Amino acid sequence: MPKKRSGGGLSPTQQAAKFLGVSVLAGAVLAGIALPAFGALGLAVKGSVESFDELPANLKTPPLSQRTTILDAEGGQIATVYSRDRTVVDLKNITPYMQKAIVAIEDSRFYVHGAIDLKGVLRALNKNVQSSGVSQGASTLTQQYVKNVFVEEAGDDPTKVAQATQQTIGRKIKELKYAIQVEEELGKKKILENYLNITFFGQQAYGVEAASQRYFSTHAKDLTLPQAALLAGIVQSPSRYDPVNDEAEAIKRRNTVLKRMAEVGDISEAEAATAQRAPLGLKVTQPKNGCITAVQGASFFCKYVERVFLSDPVFGKTKEERAKVWNQGGLTIRTTLEPQSQKSVQDSLKDHVYKSDKVAAAATLVEPGTGKILGMGQSKPYGYGKNETEYNYSVNASMGGSNYGFPTGSTFKPFVAAAALEEGRPANQSYSAPYQMSYPASVQTCSSKPWTNQGNDTLENESESEKGPYQLKKAMELSVNTYFVQMLADIGMCPVVKMTDKLGVVQGNGDKVPEVPSSMTLGSTGLSPLTMATAYAAFASRGMYCTPIAIESITQIVGGTKKSLEVPKSTCSRAMSEKTADTINTLLSGVTDSGTGKQAGLSGRDNAGKTGTTDSRKNAWFVGYTPNLAGAVWVGSATQKVEMTDITIGGVYHGQVYGGDTPGPIWRDAMTGALEGKEAPDFNLVNIPNPPAAKNPGNGNGNGNNDGDGNNNGGTGGDNDDGFIGGLLTNGATNGGNNDGGGAGTFFQGQTNGNGNGGRRG
């Protein structure tokens, strides 16, 4: 027990009376009689304990909180997390030296007395009278165990901890009653085992196994005599006898324990003398608590796992219930994180983006068909210092990510194409796609009220050389903005909304993507890399979308019993037909073969993907996949204040950052390493025929002098009525104007939040 200071200005006589009162009360408890008011001793017992009989009959022993271990998919340790660093062990796995040492120094008569040691009370009384203070306590090991149960139950609540340890007659009576119950129900060996597992040994170590690891990097069953004596001595005052910070005091205390062990006959005088001469011999293992200690840059994934546990109803109906289970610990959580994929992600990020750069990068890899998260990392490490962050840029705000996610640029366009294909548009659909045009005057939404043009904002393609007509394959390869806005005006926004709903596409704050043309085509709305990776994984799995999962299984040890917990399962559903998915795969294969994502293309296996760069180049993306792995990479500023022009990233200078030249190579290297040694299945590619020739191509087949000045009848669209948009743009060209499509300039509008050209070519 910790040494107690004399307090309250009590005289030695009053101190003696107080201890005498406790001993008398102990006798009263044992006799099972009502407690009188010991007024003559100045002890208002009734004021401290209104009725002994009103105390609950049974001590409620909470499960001991223990460390939780988080593992990767192959069983390797990612991190340990705990509110109490404790590993509960059986008495047989605690060396006899430790058992004898703790009994000798804390309660040498443990095996011969009951719950209360009256002889010990009288001895303490005599000792304290002689010292004119309270220099020795009289609590038995059983009573100490009961007090530790109260402390454990209090958790980290300072008020409850104070109540559990306050020096009052009332608490002492309560402790005595429960000690009697514990002695009757558990027996001496179990009490000793429980005590050694619950007590605090300093340096964040609870229980003898954690203490053995902390101070000597060994197991409790392998402690030597000097080591066991040192740990036994710490218990009385972990701060005073801390061997890490005061070696001399710790050795002095250890030798006191050894001397006491010899006095009670546990060891010989010679053994004690030899052990007392031994050096301290510390081999300290530093505390490694929390996701900040995770290996292979998996700290953000580790925190994601914690967030899943604390938010998913499968682990408890309420937030409080889930938190209680998490804090109790004793969990072994096997996750989906694949070591090879995680290492590849981190290596690629380190190679291409420095943590000190003005911008950051985040990457997430997901397995198509299962939703398993195989890799997750970012360039700025987890932490609270310079060039560190606690925000996980790969996930939504509710899971520890940024408030809104990051605008995705043209990586949103495949969703529009998939929606159009599901609506029956041909894979060789052609639109006039001028270099510059206005957003639509009106576009149908999922409600009865259409979106209307109120600002007459315009959009343009990345280069003036990009002017149609284009068919879908070429428009996807070049990421032609005007093409996809025309496609949206053709099919309306509701099909795109339905498609993104099926693909789990929501903003970083959890809201649906707004029904605005710039959001619905050019990716001006913020999304997370995990959202994008799982959505694109549906293309890879031929149209089956699977919700992301991070946890494979969980076991928990409670009271020495191991049990399995239910874990969240991925829910897979069909988002589009196989034909649509196969067509998207064919289209996006062209992006990595010869389009804007050529720098990201993989060698030796089928792959597909899409680039994205947003207004002012504040965000750059590459999202891509093979049939068996999908991944998303974002590069940008979390504050959205850095324009990636005239900038050095990862030691490489960029006049202008594109989705293909910065996130693209990160994706390529991460995927290459993750897939090394794994099978290389093929896509089910489809044949996309060339569109029929235009009836009247005009000058230069629609690409000549079609500047919207009325000089070319038919303009960029010729007389080929390529559906709804083609006809409107043909008529517009005869009216002149400044927008490569003449009158079409009155038909389109940009986004109202200022990101009208959200999807640049990349």
Side-chain angles (χ1 to χ4, degrees), residues 353 357-363 393-394 401-416 436 439 457-463 466 476 478-485 488 496 500 505-509 513-514 516-529 531-533 535-536 591 595-597 599-600 609-624 632-647 649 654-664 666-667 749-762:
V353 184
D357 286 341
K358 293 180 180 179
V359 295
Y393 300 143
S394 286
S402 64
N403 289 338
Y404 301 104
F406 307 106
T408 60
S410 295
T411 58
F412 200 93
K413 290 172 180 174
F415 304 147
V416 182
Q436 186 182 62
Y439 279 90
D457 294 331
T458 63
L459 75 152
E460 60 188 32
N461 297 325
E462 178 68 18
S463 170
E466 293 173 359
M476 189 70 80
L478 298 179
S479 197
V480 180
N481 293 336
T482 57
Y483 178 95
F484 288 95
V485 171
L488 183 75
V496 181
T500 53
V505 175
V506 294
Q507 298 182 70
N509 62 3
V513 177
V516 177
S518 59
S519 294
M520 284 282 151
T521 52
L522 308 184
S524 60
T525 299
L527 307 177
S528 71
T531 294
M532 294 300 289
Y536 271 53
V591 174
T596 58
Q599 290 174 270
K610 185 71 188 72
T611 57
T613 312
T614 64
D615 270 2
S616 302
R617 303 189 184 278
K618 293 180 179 179
N619 302 275
W621 287 76
F622 189 87
V623 188
V633 177
W634 163 82
V635 177
S637 164
T639 62
Q640 294 291 281
K641 293 180 179 179
V642 179
E643 297 183 3
M644 292 185 288
T645 57
D646 189 24
I647 189 172
I649 301 174
H654 299 266
Q656 290 184 317
V657 165
Y658 293 89
D661 70 8
T662 304
I666 297 174
W667 179 89
Q749 180 192 355
Q751 183 198 38
T752 58
N753 64 7
N755 288 328
N757 291 329
R760 307 194 71 85
R761 179 171 68 178

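Heavy atoms only: backbone and side chains are in, while hydrogens, waters and symmetry mates are out. Quick caveat: nothing in here was measured; it's all calculated off a predicted structure.
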Sequence-distant partners of S394, side chain to side chain contact (heavy atoms under 4.5 Å, CB included), two or more places apart: A362, T364, M376, N392, P529
With sequence neighbours excluded, residues passing side chain to side chain contact (heavy atoms under 4.5 Å, CB included) with N509: Y404, Q507, D511
Least distance between heavy atoms, V416 atom then M520 atom: CG2-O, 2.9 Å
Donor-acceptor pair, side chain of W621 and main chain of T614, under 3.5 angstrom: no
N461 side chain to T482 backbone, donor-acceptor under 3.5 Å: yes
Pairwise side-chain contact, M476 with F484, heavy-atom cut-off 4.5 Å (strictly under): yes
4.5 Å side-chain heavy-atom contact, E460 and E466: no
Donor-acceptor contact present, side-chain R617 to main-chain T645, <3.5 Å: no
Gap separating the OG atom of S519 from the CZ atom of F412, nearest 0.5 angstrom: 7.5 Å
For K618 against Q640, the heavy-atom pair lying closest together: CD-O, 3.4 Å
Any N481 side-chain heavy atom under 4.5 Å of S410 side chain: yes
Donor-acceptor pair, side chain of Y658 and main chain of G664, under 3.5 angstrom: no
4.5 Å side-chain heavy-atom contact, L527 and V513: yes
Side-chain donor or acceptor of T613 paired with backbone N/O of G659 under 3.5 Å: yes
Side-chain donor/acceptor of K413 to backbone N/O of S479, under 3.5 Å: yes
Partner set under side chain to side chain donor-acceptor pair (under 3.5 Å) for S637, not counting sequence neighbours: T639
Straight-line distance of T500 OG1 to F415 CZ, nearest 0.5 Å: 8.0 Å
Ring geometry between F406 and W634 (parallel below 30°, tilted from 30 to 60°, perpendicular above 60°): parallel
Side-chain (T611) to main-chain (G660) donor-acceptor, under 3.5 angstrom: no
